[in-house]
Amino acid sequence: MSERVIRVDFQSSLLDTLMKTISVKKQNIKLEQTRRSYSKERISILSLIYSMAINFLGKLARFPSVYWWSAGTLVRSAKLIIKSEKVDVIIATHPYAVSIRAARRLSYQTKIPWIADMRDGWSSYYFGEYPLGSFYNKILKSIEKYYLESASKVITVNETLADSLQVDRSKVVVITNVYDPELVEPMATDFGLNNFVHFAFAGAIHENHCWDIFLQGLTHFRSEINKGRIIINYYGSYYNKLIPKIEKVNLPDGFIVNKGYLKKRSLMDELIKADFLLVFGFNGALGDTVTTGKIFDYIETGRPVVVVGQPSSELAKLVSKTGIGIIVSDLNDIKLMILQALNDKKKYINKIISSKRVELLSDYSAEVVTEKYKEIIRKIVASK
């Protein structure tokens with residue numbers, strides 16, 4: 001079977017565009033400015049009422065998701081393609097809600113089966129606007145169940161996330177994110193040429209990241225930090241969110257170096273120079289479901305990975321299964337890890353990389369994962 005993918009790009013509807021325009025325009029309203037610079041001393045009753053109303057109306061207008069009303073635009077664009085091309089399967093992906101809504105409608109109208117490809121949850125999205133157990137979240141779960149029940153398959157990236165989806169579990173297939181084995185370069189093992197420990201982090205800062213416990217662990221090595229024996233390079237966005245965390249534990253200014261955002265090729269060239277690559281788990285409900293895509297970039301470098309977070313997280317499970325690094329969950333773990341690296345870095349790193357299960361890494365390779373996806377599509381097409 002010859003496979004070809006035709007992409008339908010997302011287009012915002014007039015209603016969604018209008019809502020976005022209103023959101024921008026209201027920034028100039030005096031009450032809105034007061035609301036955004038809220039303080040108990042300055043807030044008035046009128047501003048408080050306005051704030052409550054605007055929060056309620058804003059959530060109501062966006063519910064169940066931003067761009068929800070753009071599904072019609074997506075359907076119209078897709079139907080033009082279906083008229084001119086032979087389409088066997090419809091795959092709905094990001095942005096999830098509007099794509100899933102459009103795919104269900106298209107499938108109903110054209111009798112073409114569809115797949116929901118969900119790299120994240122919907123009602124169980126870790127960064128979602130509607131907290132678990134809230135009125136909005138309960139309604140969102142019902143909406144998710146209604147839409148997903150008509151999908152032939154629901155694909156997601158890990159077992160924990162699969163269990164959180166509002167659909168019959170037998171429909172869910174786990175197909176992980178991938179790394180490209182062709183990009184993996186042999187890792188140098190001679191780490192004895194310098195006496196400092198070099199960490200690198202790539203990504204963005206999130207409020208519930210496990211950075212805090214890592215920084216607390218570093219406070220036990222202030223003298224080594226001052227001597228320049230511990231170096232951390234930060235590659236990504238939102239570095240300013242990290243500054244208050246550093247100040248809170250009174251660590252030296254500038255010991256974490258902000259390198260900014262780099263495109264992948266340049267980033268990989270930088271990461272390959274580090275001794276350890278940091279990846280952080282997430283605190284709170286649904287934190288265990290998150291598997292950041294950066295860890296697959298890390299696999300491509302061949303460098304040891306340090307997961308800061310709970311062993312129950314999918315990030316930790318991936319590292320534990322493949323042996324590509326270690327998991328540190330508390331202050332004692334962090335102190336022991338840094339101490340061993342400072343005492344004999346070469347011996348410590350060689351011990352870590354000797355545990356790598358190269359044969360299991362192939363499960364996450366682009367070639368293997370793509371073939372799994374193709375097989376699912378073939379079965380769906382054959383059963384039509």
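All residue numbers refer to positions in the sequence shown, counting from 1.
- Heavy atoms from other residues, nucleotides or ligands lying under 6.0 Å from CZ of Arg169 number more than 12.
- Pairing each heavy atom of Leu315 with each of Val307, the nearest pair is O-CG2, 4.1 Å.
- Taking the six-membered ring for Trp, Tyr298 and Phe201 have ring centres at least 6.0 Å apart.
- You'll find the ring centres of Tyr96 and Tyr125 outside the 6.0 Å limit.
- When hydrophobic clusters are built by joining Ile, Leu, Val, Met, Phe, Trp and Tyr residues whose side-chain heavy atoms come closer than 4.5 Å, directly or via intermediates, Ile338 is grouped together with Ile353.
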Salt bridge (Lys or Arg N to Asp or Glu O under 4.0 Å) assessment of Arg265 paired with Glu270: CA-CA 9 Å; Arg265 186 63 267 167; Glu270 290 296 311; over 6 Å; no

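- Connection of Ile230 to Val249 is established within a shared hydrophobic cluster, with ILVMFWY side chains joined at heavy-atom distances below 4.5 Å, either directly or through further cluster members.
- Between Asp333 and Asp330 there is a side-chain heavy-atom pair separated by less than 4.5 Å.
- Val8 and Ile6 fall within the same hydrophobic cluster, where Ile, Leu, Val, Met, Phe, Trp and Tyr residues are linked whenever their side-chain heavy atoms come under 4.5 Å apart, directly or through other members.
- A salt bridge is defined here as a Lys NZ or Arg NE, NH1 or NH2 lying under 4.0 Å from an Asp or Glu carboxylate O, and Glu375 with Lys372 fails to meet this definition.
- Centroid-to-centroid, the aromatic rings of Tyr234 and Tyr239 come within less than 6.0 Å.
- Residue Phe255 is grouped with residue Leu339 when hydrophobic side chains (ILVMFWY) are merged at heavy-atom distances under 4.5 angstrom, including chains of intermediate members.
- At most 12 non-hydrogen atoms from other residues, nucleotides or ligands lie less than 6.0 angstrom from NE2 of His94.
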Chi angles and distances behind the side chain to side chain donor-acceptor pair (under 3.5 Å) call for Thr291, Glu314: CA-CA 6 Å; Thr291 309; Glu314 286 293 335; 5.1 Å; no

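- The shortest side-chain heavy-atom distance between Val154 and Ile115 does not fall under the 4.5 Å cut-off.
- The minimum heavy-atom distance linking Phe276 with Ala341 is given by the pair CE1-CB, 3.9 Å.
- Atom NZ of Lys345 is separated from atom CG of Asp275 by 3.5 Å, given to the nearest 0.5 angstrom.
- Counting non-hydrogen atoms of other residues, nucleotides and ligands closer than 6.0 Å to NZ of Lys145 gives a total of 12 or fewer.
- Using the six-membered ring where Trp is involved, His206 and His209 have ring planes that are perpendicular, over 60° apart on the 30 and 60° scheme.
- Of all heavy-atom pairs between Tyr235 and Ala200, the closest is CE1-CB, 4.1 Å.
- Formation of a donor-acceptor pair under 3.5 Å by the Arg104 side chain with backbone atoms of Ala151 is not found in this model.
- The side-chain contact (heavy atoms from CB on, under 4.5 Å) check on Asn177 picks up Arg119, Val157, Phe296, with sequence neighbours excluded.
- Atom CD of Glu149 is surrounded by more than 12 heavy atoms from other residues, nucleotides or ligands within 6.0 Å.
- With ring centers used as reference points, Phe63 lies under 6.0 Å from Tyr136.
- Both Leu140 and Phe135 are members of a single hydrophobic cluster when ILVMFWY side chains are connected at heavy-atom separations under 4.5 Å.
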Set out, in order, the CA-CA distance, both residues' side-chain angles and the distance that settles salt bridge (Lys or Arg N to Asp or Glu O under 4.0 Å) for Lys346 and Asp344, then state yes or no. CA-CA 6 Å; Lys346 180 178 179 179; Asp344 193 336; over 6 Å; no

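- Expressed to the nearest 0.5 Å, how far CG of Leu165 lies from CE of Met118 amounts to 5.0 Å.
- The shortest heavy-atom contact between Leu286 and Ser124 is CD1-O, 3.1 Å.
- Summarising the local packing, CZ of Phe127 is surrounded by more than 12 heavy atoms from other residues, nucleotides or ligands at distances under 6.0 Å.
- When all heavy atoms are compared, the tightest approach of Arg101 to Trp68 is NH1-O, 2.9 Å.
- Ile256 places a side-chain heavy atom less than 4.5 Å from the side chain of Leu215.
- No donor-acceptor pair under 3.5 Å is formed between the side chain of Arg105 and the backbone N or O of Val75.
- Sorted by first and then second residue, the pairs that involve residues 196-220 and meet salt bridge (Lys or Arg N to Asp or Glu O under 4.0 Å), not counting sequence neighbours, are Asp212-Lys245.
- Taking 4.5 Å as the limit, every side-chain heavy atom of Tyr179 sits out of range of all side-chain heavy atoms of Ile295.
- In summary, the side chains of Lys79 and Gln109 do present a donor paired with an acceptor at a separation below 3.5 Å, with no hydrogens or angles considered.
- Here Lys86 pairs with Asp88 in a salt bridge; the nearest charged N to carboxylate O distance falls below 4.0 Å.
- The environment of Lys111 atom NZ is dense: over 12 non-hydrogen atoms of other residues, nucleotides or ligands sit within 6.0 angstrom.
- Taking all atoms of both residues into account, the shortest heavy-atom contact from Leu74 to Ala102 is CD2-CB, 3.7 Å.
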